[in-house]
Structure formats: structure tokens, C-alpha cells
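To keep things clear, I will list the structure first and then write my remarks on it.
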Amino acid sequence: MAHSLNDRAAPSGGTTRSNRPDLSTDAIRTAREELAACFRMAGRNGFEEGICNHFSAVVPGHDDLFLVNPYGYAFRELNASKLLICDFNGTVIDGDGAPEATAFYIHAEIHRRLPRAKVAFHTHMPYATALSMTDGPPMIWAGQTALKFYGRTAVDENYNGLALDYAEGARIAGTVGDADIVFLKHHGVLVLAPTIAEAWDDLYYLERAAEVQVLAMSTGRTVSPVEPAIAEAAYRQMREGDPESARAHLAAIRRQLDAEEPQYRH
């Protein structure tokens, strides 16, 4: 299912960078470690699918570059130094290997067209993906955890096969609007955030909300949504402390990995 970008035709209109930027800053090192921690914990939680899913983050101090996982690795294999730095033309600026082709075509266009999306996590995690395959809006807004995402979702209704060109990435980016969570019909989900911590926090709780909803639906009983006014109020309560809570959440998973899989930092 996965395709290396090197196996595709070179992107048209690309230019070669003549000056290599400084990629050894503390901020970039921190971003590498944070992103590697998210890959490891996503793998532990069953959010990955083989070698096909991908996370990216705009490189601190370089809005035209992004970190992304290399083709051919499962999430649990990744560490900070394995992550690639690419530009929006498909050139690997730092790292060995190439990104998976759909990773490049989706994430380059997301970061290019949506500057607010500093981080983009794309997965086929099972429960959220299952809801992307159902008729109607994916979320019912019946569980408290789901209300974290109330009013923050969009649905890309027009599944068009694998994203193997710029046009498909641009089409997906065009469906986002003001949303942070995009359900890609028949495909999976895309989580957009201003920081790696907030992307992880949303990814984790989105799958938990989807899991509970699927379990409730599986009973065959009516799943009753929360009244809209209460849902909106609960959403606002949750969002007030979201950035701080997300930072604490990421710190917690890093402590676990520091004790059990410290190689993610390397």
C-alpha cells in the first residue's frame, strides 16, 4: 500500500536549495524528540497501520520545511534522528531516505496552504476510521470526551483513491476550512494543531471518543446526543486549558518512554 516518494515522478516546478539552513538548534532537536515520542506512543496504542501512516511538523524557525517520518519504518522503530526534513518541493534537506509518497503530497500541501497547521497527524486508527466509513456525520456528540471536538471537525466526502499528486493534497487541504479534525471519508483522519503536544492530545482523545461511540452503537440501542447548548458549554470548558493539558500529556508520555524506550530520543 505504501509508496516511496522516490518511486514517483519528481514534483514539477521544484527548485534546489542553494544554501543549507542551520538545523542543529535546540528548538529543532526538541521538535524531533517530541515527534519521535508521539510516533512511539501512537504505535503502542495501535494508531498506526503498517508503514503507511505519517506525522509531520513544520521545522521551528523554517516555515518552508517540515519534519516527517521516512518511508519503510513502523512507528515503533522511529527515533529523533531517523526523521526527515523536507521542503515543499520534495527535496530531503536532512536525513536518510525519502518520505512515503502520500505523506509528502498530503502534508506538503497542508503546511503550504494552511500556515496555522504547524503540525499534521494522519492515521488510519481503527475506531475513528470506522466512523469515517459510516453515513452521516461521524461524531454523534454523545460522550464527554467527544465534546472536546465539538464544532472542530470537517469531513472530506470525496474519497478519490491514494494521494499521489499535488492536486489530491490540495483538494484535501481545501476541505479543512477552520477545522482541526478532518474525517477523510473511507480513509482515516487528519489532526491539525499549532504544536506537537496539542496534535498528540487531540489524536489520542479523538480515538478514545470514537472507540466509546462505536461501542455504544454496537449495543443496538439509541445513542443520545448531548443538548447542543450543553455540548457547546462543555467544549468551551475543555478548550480553556487545552494547551496546558496537552503539554502535560506529552510530558507524561515522554516520562514513560524515558523509562522504557529511551532510544526514541536518539
Side-chain angles (χ1 to χ4, degrees), residues 5 14-42 53-71 73 75 78-100 103-123 169 173 176 179-182 190-204 241-255 257-258 261-266:
L5 187 63
T15 57
T16 302
R17 298 178 69 100
S18 58
N19 297 309
R20 179 182 171 84
D22 178 11
L23 302 175
S24 60
T25 66
D26 289 344
I28 294 174
R29 182 65 198 177
T30 296
R32 282 183 173 277
E33 292 183 3
E34 289 182 346
L35 200 55
C38 293
F39 280 117
R40 291 291 181 110
M41 195 57 73
N53 295 173
H54 18 87
F55 296 172
S56 66
V58 171
V59 175
H62 302 277
D63 287 345
D64 60 338
L65 303 176
F66 63 99
L67 284 156
V68 68
N69 44 313
Y71 170 75
Y73 289 91
F75 282 7
L78 294 169
N79 56 28
S81 61
K82 278 192 172 77
L83 301 180
L84 306 177
I85 293 179
C86 301
D87 67 17
F88 296 156
N89 299 312
T91 303
V92 175
I93 305 299
D94 188 68
D96 296 325
E100 199 269 330
F104 171 73
Y105 288 116
I106 292 173
H107 292 253
E109 290 304 295
I110 289 291
H111 294 310
R112 188 203 311 266
R113 294 170 181 271
L114 302 170
R116 69 180 177 85
K118 298 295 187 185
V119 184
F121 285 5
H122 170 56
T123 74
V176 174
D180 301 316
I181 311 297
V182 185
L190 190 61
V191 173
L192 310 178
T195 67
I196 292 170
E198 288 169 90
W200 168 256
D201 199 60
D202 277 351
L203 187 80
Y204 174 84
D242 244 7
E244 294 78 11
S245 179
R247 285 193 291 271
H249 191 180
L250 180 58
I253 72 168
R254 290 195 65 174
R255 287 193 298 272
L257 292 169
D258 286 343
E261 298 181 53
Q263 61 270 31
Y264 83 92
R265 288 178 172 269
H266 302 311

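These figures come from a predicted structure and were not determined experimentally.
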Taking the six-membered ring for Trp, are H111 and F66 parallel (under 30°), tilted (30 to 60°) or perpendicular (over 60°)? tilted
Correct closest heavy-atom pair for A80 and A36 would be N-CB, 3.6 Å
Can we call the ring centroids of H249 and Y204 under 6.0 Å apart? yes
Let's go through I85 and H62 carefully: what are the C-alpha distance in whole Å and the side-chain angles of both, what is the deciding distance for side chain to side chain contact (heavy atoms under 4.5 Å, CB included) to 0.1 Å, and is it a yes or a no? CA-CA 10 Å; I85 293 179; H62 302 277; over 6 Å; no
Does any non-hydrogen side-chain atom of F55 lie less than 4.5 Å from one of L35? yes
Minimal non-hydrogen separation, V68 against A103, with atom names: CG2-CB, 4.3 Å
Would you say K118 and D63 make side-chain contact, with heavy atoms under 4.5 Å? yes
With a 4.5 Å cut-off on side-chain heavy atoms, are E198 and D180 touching? no
Measuring from atom CG of L67 to atom CG of L83, what distance do you get when rounded to the nearest 0.5 angstrom? 6.0 Å
Side chains of E100 and N53 in contact at under 4.5 Å (non-hydrogen atoms): no
List the atom of V92, the atom of G97, and the distance in Å for their closest heavy-atom pair. CG2-O, 3.6 Å
Between atom CD1 of I196 and atom OG of S56, what is the distance when rounded to the nearest 0.5 Å? 9.5 Å
Any side-chain heavy atom of P21 within less than 4.5 Å of one from L65? yes
How long is the span from the CD1 atom in I253 to the CG atom in D258, to the nearest 0.5 Å? 10.5 Å
How long is the straight-line distance from CG of L250 back to OG1 of T195, given to the nearest 0.5 Å? 8.5 Å
Does the D87 side chain pair with the main chain of N89, one donor and one acceptor, at a distance under 3.5 Å? yes
Counting only N and O atoms by type, is there a donor-acceptor contact under 3.5 Å from the side chain of D201 to the main-chain atoms of A248? no
Would you name the heavy atoms of L23 and I93 that are closest together and state the gap between them? CD1-CG2, 3.9 Å
Just so I know, are the side chains of Y264 and R254 near enough to count as touching, which here means a heavy-atom distance under 4.5 Å? yes
Does the side chain of M41 come within less than 4.5 Å of L257's, by heavy atoms? yes
Distance-minimising heavy-atom pair for D22 and I28: O-CD1, 3.9 Å
Kindly compute the distance separating OG (S81) from CG (D96), expressed to the nearest 0.5 Å. 9.0 Å
Backbone N or O of L78 within a donor-acceptor pair of the R40 side chain at under 3.5 Å? yes
Using every non-hydrogen atom in the two residues, find where L192 and A117 come nearest and quote the distance to one decimal. CB-CB, 4.2 Å
Describe, in one word, how the ring planes of F39 and F75 are oriented to each other, choosing from parallel (under 30°), tilted (30 to 60°) and perpendicular (over 60°). perpendicular
How many angstroms lie between CD in E34 and CZ in R265, if you round to the nearest 0.5 Å? 10.0 Å
May I ask you to test the H122-I110 pair for a side-chain heavy-atom distance under 4.5 Å? no
